[in-house]
Number of protein chains: 4
Amino acid sequence: MATIEPGTRVRERRMRREDMAMAGAGHRRGSDTKAQIRKVAIELFTEQGYEATSLREIAERLGITKAALYYHFSSKEDIVRSLFTEHLDALDALVAWAREQPPGPDLRTRAVDRMVDMVTGSGTSVMRFALANQRVVRDLHPGRENAFERLTELFEIVAGPDASVEEQLRLRAALLSVNTVLLAAQGLKVSDQRVAAVARDIAHQLVPPVTDDASAESGP
Amino acid sequence: MATIEPGTRVRERRMRREDMAMAGAGHRRGSDTKAQIRKVAIELFTEQGYEATSLREIAERLGITKAALYYHFSSKEDIVRSLFTEHLDALDALVAWAREQPPGPDLRTRAVDRMVDMVTGSGTSVMRFALANQRVVRDLHPGRENAFERLTELFEIVAGPDASVEEQLRLRAALLSVNTVLLAAQGLKVSDQRVAAVARDIAHQLVPPVTDDASAESGP
Amino acid sequence: MATIEPGTRVRERRMRREDMAMAGAGHRRGSDTKAQIRKVAIELFTEQGYEATSLREIAERLGITKAALYYHFSSKEDIVRSLFTEHLDALDALVAWAREQPPGPDLRTRAVDRMVDMVTGSGTSVMRFALANQRVVRDLHPGRENAFERLTELFEIVAGPDASVEEQLRLRAALLSVNTVLLAAQGLKVSDQRVAAVARDIAHQLVPPVTDDASAESGP
Amino acid sequence: MATIEPGTRVRERRMRREDMAMAGAGHRRGSDTKAQIRKVAIELFTEQGYEATSLREIAERLGITKAALYYHFSSKEDIVRSLFTEHLDALDALVAWAREQPPGPDLRTRAVDRMVDMVTGSGTSVMRFALANQRVVRDLHPGRENAFERLTELFEIVAGPDASVEEQLRLRAALLSVNTVLLAAQGLKVSDQRVAAVARDIAHQLVPPVTDDASAESGP
DNA sequence: CATGAATGAGTGTTCATTCAT
DNA sequence: TATGAATGAACACTCATTCAT
């Protein structure tokens, strides 16, 4: 041990909710703990990654015990799964929407728009989380339908059956570009709106023109 | 995580090198253990993430003991740091090259080309690894020069002093697009070369035209 | 150390509490585990020294797991710190008492008496522990108030402001002599009471007579 | 891991002797490594304790490898044993001397004198070391003759066959008092000589008067 | 004389998880 | 709804020790 560091490391067990709640009416013991857990969890998982985030951290941040987490969720994995299925609906809706659309030259553009909306929309986006935890997401429902499966489906619908590999690649890149821009914006002082705008522009720019049937897409 | 990873991890303790060694070479043929550690480490860190990868895994895969890792590296962190500084040189070279170039309308394009080359070349792994472990990379040298700092520098040099925020964003996105395409290609059956080609195309397409002051190149 | 300790340490893993428990009490009867840890810890630390005592030893002797120790204490250091602050009160009380006493020729004698009482009093004394682990104790609160600081304070109060260095030395030796006698008694078949008696005698004998200069309390 | 600390922990392997030696003629590679090891070892064992001191520390401080230590000593224990037997001779001499002395009333006093000389002389370190590592010393030669055995022998010879338990205790305390004073002197600004003088005084004061059978011994 | 490379047992510590209350 | 107390498995890391060169 050599030299012993003085204070630190006191584990600050107990820092109950009473401390911070109390004031403001006792009305909150009732219900939404589960929602709060989800909120904190997605934040931490996104910031630090799934494996690097411990249940203790989540519990402590909420002023509850680890055991309490187990009342609401049956495992750590269950938390992350819940986060996903919760937000997977958005993707599902997008897929459903795409399926209904008449296949036309502007479907791709409109799909991209919705994608941009989705990603830049709600606070801590699942997309960001998914990118930060690809492995977990992939392992989550092995063989079953997960976010990546959904995306693939979306890609296929929007690309259409006749799209060449290059076309597919470009389209996927277009749809994913929001995240690239998000990544690119790190360290730059830009408002979220401006980032979103640029993302949209770039995405539009990348959408490959539809190549109906004949000819090559780079035209004469 | 318990249920997540299905097979694997079966605890196959002991599977020593004697199996493959010619029984008689005292401890090891005196050479490249360190290099092998790095190789295995970058593989696992990329696949599973830094935190999700244990030193036991690395050691076992090499048929050595955990303690042996500590002969070559002073900590887990040291391994990851070593991986980085090893390949940081490529980025450094790129920055140096950019600095020497005469600022002209085609600098951006040529920078993008080199970037694509770098990422699709041997360095593939490091970039992929970096993206899969952003947090670790960021925390690695706090305040000091790391991969992200390097990239930022590159961005600034290539963008030039008068670039607007939008322009910067687009340029960054262009330079990073290789990775987007890499990501997009997952699950698609395409050769690496084709992916690289598309990446290059897309990157070129995204490079913002230089808007110094005069009309310049975007003209008709 | 390998060959040093002959028997002992036979690795007797698992020797659970079920043996002595009435099978059915969920985890523990809810009470004094923490106290028991402290008890065992001070014993082992005193016998073997802090560094030479492993948490496994402590846990095993109690029939609990190492992890259980961490439920009650946040680190090994925390255990030792707790032992100290727990018993530091005794020293504090002594200091407080000394401060209140009217400075007179018999203060020294009475202080010595209380000291002897304290050290020979409670079972495994902190004093013995402190002497066996001087370094740890010193490193424990670096710069802050620890046992040695307390003793110094006591020495100064009892010695008075005009004491010569020799006088101080003798007084300190008197106060510490209990421990010398404790040490000297090792290997000798004597009852604790007799040891205490001799210690008291010796201590009294060593107390330096007060040597003011002016009349003061040794007056005729 | 949470936050990664930057530099530190680089293990500073290699810091060879060439760096510091080189200058001063190459004459030192020859011999006295063993002596230096002992010197460093006794320092560190005394400061930090035997268990808390690692062979790596010793080796590093000397600019050699751990393996080199094993050339000179067959184990860590061997080092400590060597330290002891080296200085055990002094004690042996004392015992021998005591044995030769005619048992008389002043033997005790003279024995105490020699003891004080021994402890305050060059041997200081060993005694201090022994006190700081009582357990190790005790375990060192289990059943065989060690420092404590020697001391016990000395005690018995000097006390004589008819001494009561109290007498023995006092005598032992007298002989050990040097160490008490050494301990007491910590934190006090006194020269070693003065400490020695006080120690001698105290020791003399504690020597119990010989109570053979008849009469008082200090009588005229 | 000494090192480079390695090992096996052990350290303190943290984790996800369980369950009686 | 939650908690207090605990567990077993794993983790990163260090130690004393070995041995071919």
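Numbers restart at 1 for each chain; the letters A, B, ... are given by sequence-line order, proteins then strands.
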Check [X] against [Y] and note the closest heavy-atom contact, atom names and distance.
{"X": "A/T46", "Y": "A/I42", "value": "OG1-O, 2.6 Å"}
{"X": "A/Q48", "Y": "A/T53", "value": "OE1-OG1, 3.3 Å"}
{"X": "C/Y70", "Y": "C/S75", "value": "CE2-CA, 3.9 Å"}

What's the spacing between [X] [atom1] and [Y] [atom2] if we round to 0.5 Å?
{"X": "D/Y71", "Y": "D/K34", "atom1": "OH", "atom2": "NZ", "value": "9.5 Å"}
{"X": "A/I58", "Y": "A/L44", "atom1": "CD1", "atom2": "CG", "value": "6.0 Å"}
{"X": "C/K76", "Y": "C/E51", "atom1": "NZ", "atom2": "CD", "value": "6.0 Å"}

Establish, with yes or no, whether the OP1 or OP2 oxygen of [N] is under 4.0 angstrom from a side-chain nitrogen or oxygen of [X].
{"X": "D/T33", "N": "E/dA2", "result": "yes"}
{"X": "D/S54", "N": "F/dT14", "result": "no"}
{"X": "A/H72", "N": "F/dA2", "result": "yes"}

Rounded off to whole Å, could you give me the [atom1]-to-[atom2] distance for the [X] and [N] pair?
{"X": "D/K76", "N": "F/dA16", "atom1": "NZ", "atom2": "P", "value": "4 Å"}
{"X": "A/Y71", "N": "E/dT18", "atom1": "OH", "atom2": "C1'", "value": "16 Å"}
{"X": "B/E60", "N": "E/dA6", "atom1": "CD", "atom2": "P", "value": "17 Å"}
{"X": "B/L55", "N": "F/dA9", "atom1": "CG", "atom2": "P", "value": "21 Å"}
{"X": "B/Y70", "N": "E/dG8", "atom1": "OH", "atom2": "C1'", "value": "16 Å"}
{"X": "D/F73", "N": "E/dA2", "atom1": "CZ", "atom2": "P", "value": "12 Å"}
{"X": "B/Q36", "N": "E/dA5", "atom1": "CD", "atom2": "C1'", "value": "14 Å"}
{"X": "B/R56", "N": "F/dA10", "atom1": "CZ", "atom2": "P", "value": "7 Å"}

Nearest-nucleotide 5' precedence on DNA chain E, A/A67 against A/E57 = A/E57
message = As a check on the pairing definition, encode DNA chain F in dot-bracket form, counting Watson-Crick and G-U wobble pairs whose two distances are under 3.5 Å, and using | for partners outside this strand.
response = .||||||||||||||||||||
note = Picking from F/dC15, E/dA2, E/dA6, the nucleotide nearest the side-chain atoms of B/A68 would be E/dA6
key: Residue pair C/R135, C/Y50: steps toward the side chain to side chain contact (heavy atoms under 4.5 Å, CB included) verdict   = CA-CA 10 Å; C/R135 244 204 90 83; C/Y50 174 79; over 6 Å; no
ask   = Closer to the 5' end of DNA chain F via nearest nucleotide, is it D/S74 or B/K66?
value = B/K66
key: DNA chain F: 5'-proximal contact among D/S75 and B/T53 (nearest heavy atom)   = B/T53
